[in-house]
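Note sheet for the following structure.
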Amino acid sequence: MTTQNRDIVYFYEPNVGNFHYGANHPMKPHRLTLTHNLVFSYGLHKKMKVYRPYHATSHDMCNFHHEEYINFIRRATGGTTNTNHDPFDTAGSKNCSSFNIGDDSPMFNGLYQFCSLTTGASLDGARKINNQQCDIAVNWSGGLHHAKKSEASGFCYVNDIVVAILELLRYHQRVLYVDIDIHHGDGVQDAFYLTDRVMTVSFHKYGNLFFPGTGDMYEIGQEAGKYFAVNVPLKDGMDDLSYKNIYQPVMKAVMDHYRPSAIVMQCGADSLAADRLGCFNMSNYGHGECVRYMLEFNVPLLVLGGGGYTMRNVARCWTYETSVLVKEEISNELPHNEYLLYFGPDYRSVIHSGTRCGTWPGAGRTRRRSSSRRRSATSCPTTSTCSTSAPTTGQSFT
């Protein structure tokens, strides 16, 4: 395997960091502003084509989601960023409950616009890959992997990943999805559980009622999708070396067996040490090595964000991974930038290993599960069976 210089596009919408889940909510879109500021302060943008993303429409979102659900979000938040709009003027708490919108995934002003921006950037990246306008597309605002077909889940409302994969499937026979968030990528797995055109691979914490409670190694897909869902359940305290020793053999076996023509990678930063909700012990270098390894296969790559609840570490991680993508070494000393005080007292780019489990009240328990695990064949194209051979029952990726 060898790496080549490849065309990279980077999506960023300045307003995306201005949305607010609530004062005590662990999800902070402002982390995207910190990330973008660091990327530009290091000069990494000079090696990429930078775009303001397309704004996804209701029609785009309904390629996966139920129309009733998307229309509810649009009506409830006015479909704008109007900060004076009361989300409950047009939608009652009963409807919110039916779509699993509540404490974990709250209604907030501008929610529909936020979904439009995050989904539009992922969709735009998939289209540019399809049209051979780039080899790698980066959208750190995307990667919202828990959202289900007709309900919110785990801070996620619209599953930009599924929407982007459906777009890639228009041109690619096989798409690989890789998830290194500490939480299982349940929404993406459910969407493609019955098809062999998408293989989902998730490395995640599992057990002790950790959210979302799915991702057992025996969840392997059904019908045409049997053996095309790969789950690697992990325990607390995974460090760089332990993670690498599992990740690289698994991904080598997956690439050898599946031979995808496009890859979507979710790089949730809550698998880092000292994350507010996580309990792994990884540095940003170990996290970035997962990205670097996938580059070696020279397959078109859509790189997305995901979880990550210690803002300064999310920005450090995704900036470092941007440097990996553009093959540019960055100094450990952070450059002067508008948000430098966020990174004190060390003002360094490295995130040292050091286990500290999440401190948010919901970190150690399972948040409310979806009312049902929808695995509908209508959510993705399954009209043809891939020619690639699936691993047999006796073969293990782990």
Side-chain angles (χ1 to χ4, degrees), residues 11 13-30 32 52-124 126 139 141-167 186-188 190-191 212 367-374 376 378-380:
F11 294 98
E13 166 57 56
N15 293 325
V16 76
N18 296 335
F19 295 93
H20 191 50
Y21 277 63
N24 297 317
H25 200 285
M27 175 63 95
K28 308 290 185 186
H30 188 57
L32 301 168
R52 291 187 74 157
Y54 166 77
H55 292 199
T57 65
S58 303
H59 178 75
D60 295 322
M61 300 179 203
C62 290
N63 285 333
F64 170 60
H65 292 281
H66 281 150
E67 185 176 359
E68 182 185 6
Y69 170 59
I70 296 300
N71 285 342
F72 168 77
I73 293 176
R74 181 171 56 82
R75 290 193 308 268
T77 57
T80 70
T81 54
N82 178 8
T83 57
N84 295 319
H85 182 81
D86 182 353
F88 293 95
D89 281 349
T90 56
S93 58
K94 182 177 180 181
N95 284 334
C96 285
S97 178
S98 66
F99 293 120
N100 199 24
I101 292 177
D103 292 338
D104 281 350
S105 304
M107 187 72 73
F108 58 85
N109 288 318
L111 172 59
Y112 178 80
Q113 184 74 359
F114 177 74
C115 295
S116 175
L117 295 175
T118 56
T119 304
S122 296
L123 182 58
D124 209 354
N139 171 29
S141 70
L144 304 178
H145 59 171
H146 293 307
K148 305 302 192 297
K149 194 173 184 68
S150 60
E151 60 182 46
S153 178
F155 317 156
C156 306
Y157 304 87
V158 174
N159 201 314
D160 64 288
I161 305 169
V162 174
V163 173
I165 290 175
L166 290 172
E167 175 65 23
D186 58 333
V188 183
D190 285 359
R367 302 196 286 276
R368 188 174 80 82
R369 293 275 302 277
S370 302
S371 57
S372 63
R373 301 197 56 200
R374 298 175 178 82
S376 172
T378 61
S379 64
C380 55

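No hydrogens, no waters, no symmetry mates; every other heavy atom, side chains included, goes into these values.
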> Which atom pair, heavy atoms only, marks the closest approach of I101 to M107?
Replying inline: CG2-N, 3.6 Å
>> Determine whether N71 and E68 satisfy the following criterion, side-chain contact (heavy atoms from CB on, under 4.5 Å), listing intermediate values before the conclusion.
In response: CA-CA 5 Å; N71 285 342; E68 182 185 6; 5.9 Å; no
> In terms of ring plane angle, is the pair Y21 and F108 parallel, tilted or perpendicular, where the classes change at 30° and 60°?
Replying inline: tilted
>> Can a donor-acceptor pair be found, under 3.5 Å and without considering hydrogens, that links the side chain of H65 to the backbone of S150?
In response: no
>> Run T77 and Q113 through side-chain contact (heavy atoms from CB on, under 4.5 Å) and show every step you take.
In response: CA-CA 9 Å; T77 57; Q113 184 74 359; over 6 Å; no
>> If I take atom CD1 from residue I73 and atom OH from residue Y157, how far apart are they, to the nearest 0.5 angstrom?
In response: 8.0 Å
> In terms of side-chain heavy atoms, does H146 have a donor or acceptor partner in D186 at a distance below 3.5 Å?
Replying inline: yes
>> Between D60 and T119, is there a side-chain heavy-atom distance shorter than 4.5 Å?
In response: no
> Do you know the tightest heavy-atom contact between A152 and S105?
Replying inline: CB-CB, 3.8 Å
> Can you find a heavy atom in the side chain of S141 that is under 4.5 Å from one in the side chain of F114?
Replying inline: no
> Just checking, is any N or O donor in the side chain of S58 or Y112 under 3.5 Å from an acceptor N or O on the other one?
Replying inline: yes
> Out of curiosity, D124 CG to H55 NE2, how far, rounded to the nearest 0.5 Å?
Replying inline: 10.0 Å
> Do you know which two heavy atoms are closest between D160 and S122, and how far apart they sit?
Replying inline: OD2-OG, 2.7 Å
>> On a heavy-atom basis, which atom in K28 and which in G22 lie closest, and how many Å separate them?
In response: NZ-O, 3.6 Å
>> Test your reading of the model: is there a side-chain donor-acceptor pair from N139 to the backbone of T118, 3.5 Å cut-off?
In response: yes
> Would you find a donor on one side and an acceptor on the other, under 3.5 Å apart, between the side chain of H25 and the backbone of D104?
Replying inline: yes
> How about M61 and S116: do any of their side-chain heavy atoms sit closer than 4.5 Å?
Replying inline: yes
> So how far is it from Y54 OH to E13 CD, rounded to the nearest 0.5 Å?
Replying inline: 14.5 Å
>> Using every non-hydrogen atom in the two residues, find where F19 and G110 come nearest and quote the distance to one decimal.
In response: CE2-O, 3.2 Å
> Atom CD in E67, atom CZ in R74: separation rounded to 0.5 Å?
Replying inline: 8.5 Å
> Of all heavy-atom pairs between N63 and L166, which one has the smallest distance, and what is that distance?
Replying inline: O-CD1, 3.6 Å
> Y69 vs F99 aromatic rings, parallel, tilted or perpendicular, using cut-offs 30° and 60°?
Replying inline: tilted
> At what distance, to the nearest 0.5 angstrom, does SG of C96 lie from CD of E151?
Replying inline: 13.0 Å
> If you round to the nearest 0.5 Å, how far is CG of N15 from CG of L32?
Replying inline: 12.0 Å
